[in-house]
Amino acid sequence: TESNLIRNFSIIAHIDHGKSTLADRLLELTNTIARRDMQAQILDDMELERERGITIKAHAVTLKYPAQDGQVYTLNLIDTPGHVDFTYEVSRSLAACEGAILVVDSTQGVEAQTLANTYLALENDLEVFPVLNKTDLPSSEPERVLEEINTVIGLVDTAHAVNVSAKTGENCLEVLEKIVQCIPPPKGDPKAPLQALVFDCHYDQYRGVVCLVRIVNGTLKAGETMHFMATGSDHRVDEVGVFSPKMTKVDELTVGEVGYVTGSIKTLADVKVGDTLTHALSNTTRPSTEMLKGFKELQPVVFAGIFPTNSEDYEGLRDAMDKLRLNDSSFKYEPETSQALGFGFRCGFLGLLHMEIVQERLEREFDLDLITTAPSVRYHVFLTDDTEVDVDNPAKLPPLPRIARIEEPIIEATILTRPDFVGGLLKLCEDRRGLQQRLEYVGKDRVMLVYELPLNEVVLDFYDKLKSISKGYASFDYHMKGYRESDLVKMDILVNGDPVDALSILVHRSKSQAMGHGLTVRMKEVIPQQMFDVAIQAAIGAKIIARTNVKARRKDVLAKCYGGDISRKKKLLAKQKEGKKRMKSIGSVDIPQDAFLAILKVE
Ligand code: GTP
């Protein structure tokens, strides 16, 4: 396709404002998918995405649109997720586009991720135009919301705004027309040495690594040898193609086009998302010497251990993590050994939801049974000998006498809400040791709060609390601000007198008493009764600050079966085995997954 007939765009929005629904309509209107094959949110093809109704991975699809000017345009749509944990997916999608559609729910208004994603788009020099969605609802107020976009964001061109209902399809054709008119075609030289941005990839059992690429300069064909500039690996191109929306082979990919390339790549380390793809030197091709500007690589902020409940699954877990990481470059891991849990991995995530998703994907896609330990942030620990160590695992904190001081990560959080909920939200932020930076009205019924908060107060249940206090009418976004000294103490949890390394946490001294009490109470609720009493204690150093007791089970369940029929006994045993899922024996005590995450549920 000639590049002036190509438009590469992304849809950005706050969660639930209707990106995926709008994408469905655009696919339908361009006959990319026949009506009868249409399922809701066709791009959300991951099982987990359908169940949770959220977009986790970015997707790419090619549409053919016959515009009013009589020309047929190729529109490459790259769908993006909206949750704060998945911003990295947004930024890499944007790197492959010239423009973005900003979808805003006209019954709600500008939310925290509306702002965050728009800033990302503007930083990437994209052309952005607003689409006000859900106009079929009686509470829709597109004028008010447009005004809000003007006041809060300012830099977005609201003159080209389109009002639509993605649900009924009303006015969605106008969106296609605006894409052609407002978003510039890609620039680039098809004769220049090949430069393609690898913006995503995944592993396919038959084809090996499938890379999603955006061609910036040059042309790529099957049979040529491609060279990944950052990893230095060379591979013969098996196939190039586009997503329409199924993978469809094409003869070549050229300037401005978005598609996939395969090369029977089995070594995962050969490919890195964000890398530049060029040709290897040959009789007909010459490599580019210049790498494209990749996108910001994000550093994980939340860390936790992941262990197989069955230690024989360790190698399988490593293999699964290698494959998952290919598809999720923000997921980091390294081997770790825990006294209590054995061999596993210390993992880094972009947030709690990300952590939850990773555990679920590993379990489902690779059929593993795993235990995740309590999430921690990364602390800067300054020692008395003037050296510094980074600690993201409380069990690895150096002995107290060696510590001079500890600094904790601080974030700047932006919250958008309605005036009625400001009081409750201020209290929440203060309870979480927050420092207020700003409080201002940004529209008739909209208030923006900006707070500095310690990240360790946010990773636990801040987001859930925010949602419940505001009845869902508050949105939240944050970025790292820096580090600040803090009075933190290490709290150990003892099970029948033995400290369990995987349960240690760092807490602010002012909160340690309440946390110790809450944790032991919560653990008592989730640890099943055993054959004997189980004492659970919280301790700071040698001092026990809280204690609970799980009473012994009264009768052995199997006792009832003596003399009874054998099939019932078998069933009971099978049931007990089932109940052992996500359960780990520590000493002689069976501890379930919930106990390791008890800290997330402490009142
Ligand atoms: P994520 O993929 O989770 O980031 O959300 P999203 O922005 O893609 O939102 P999605 O398309 O999943 O829509 C969220 C909800 O709003 C769904 O229940 C849709 O059915 C509904 N919805 C989307 N567009 C409209 C609309 O125009 N009118 C009405 N009434 N509902 C809509």
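No hydrogens, no waters, no symmetry mates; every other heavy atom, side chains included, goes into these values. All ligand and atom numbering here is 1-based and tracks the order in the structure.
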- Just checking, any donor-acceptor pair under 3.5 angstrom between side chains of E239 and T262?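 No, no side-chain donor-acceptor pair sits under 3.5 Å.
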- Taking atom types as modelled and ignoring hydrogens, do the side chains of N8 and N76 form a donor-acceptor contact shorter than 3.5 angstrom? yes
What do we get for [X] next to ligand 1 when only non-hydrogen atoms under 4.0 Å count, side chain, backbone, both or neither?
X	answer
T21	both
H17	backbone
A13	neither

Any salt bridge between [X] and [Y], counting N to O under 4.0 Å?
X	Y	result
R361	E356	no
E457	R433	yes
K471	D420	no

- Angle class for the F421/Y473 ring planes (parallel below 30°, perpendicular above 60°, tilted otherwise)?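 Judged by the thresholds at 30° and 60°, the geometry between F421 and Y473 is parallel.
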Show which atoms of ligand 1 fall inside a sub-4.0 Å distance from at least one heavy-atom site of [X].
X	answer
L137	30 (N)
D136	26 (C), 27 (O), 28 (N), 29 (C), 30 (N)
S20	2 (O), 6 (P), 8 (O), 11 (O)

- Query: Quick one: which of D24, T135, D16, N171 has a heavy atom closest to atom 5 (O) of ligand 1?
  - Reply: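 Among D24, T135, D16, N171, the closest heavy atom to atom 5 (O) of ligand 1 belongs to D16.
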- Identify which of Q113, K167, H14, E170 has a heavy atom lying nearest to atom 31 (N) of ligand 1.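 Considering heavy atoms of Q113, K167, H14, E170, the nearest to atom 31 (N) of ligand 1 sits in K167.
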- Backbone or side chain, does any N or O of I15 fall under 3.5 Å from an N or O of ligand 1? no
- Near-ring test F349/F303, centroid separation under 6.0 angstrom: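 Aromatic pair excluded; centres sit 6.0 Å or further apart.
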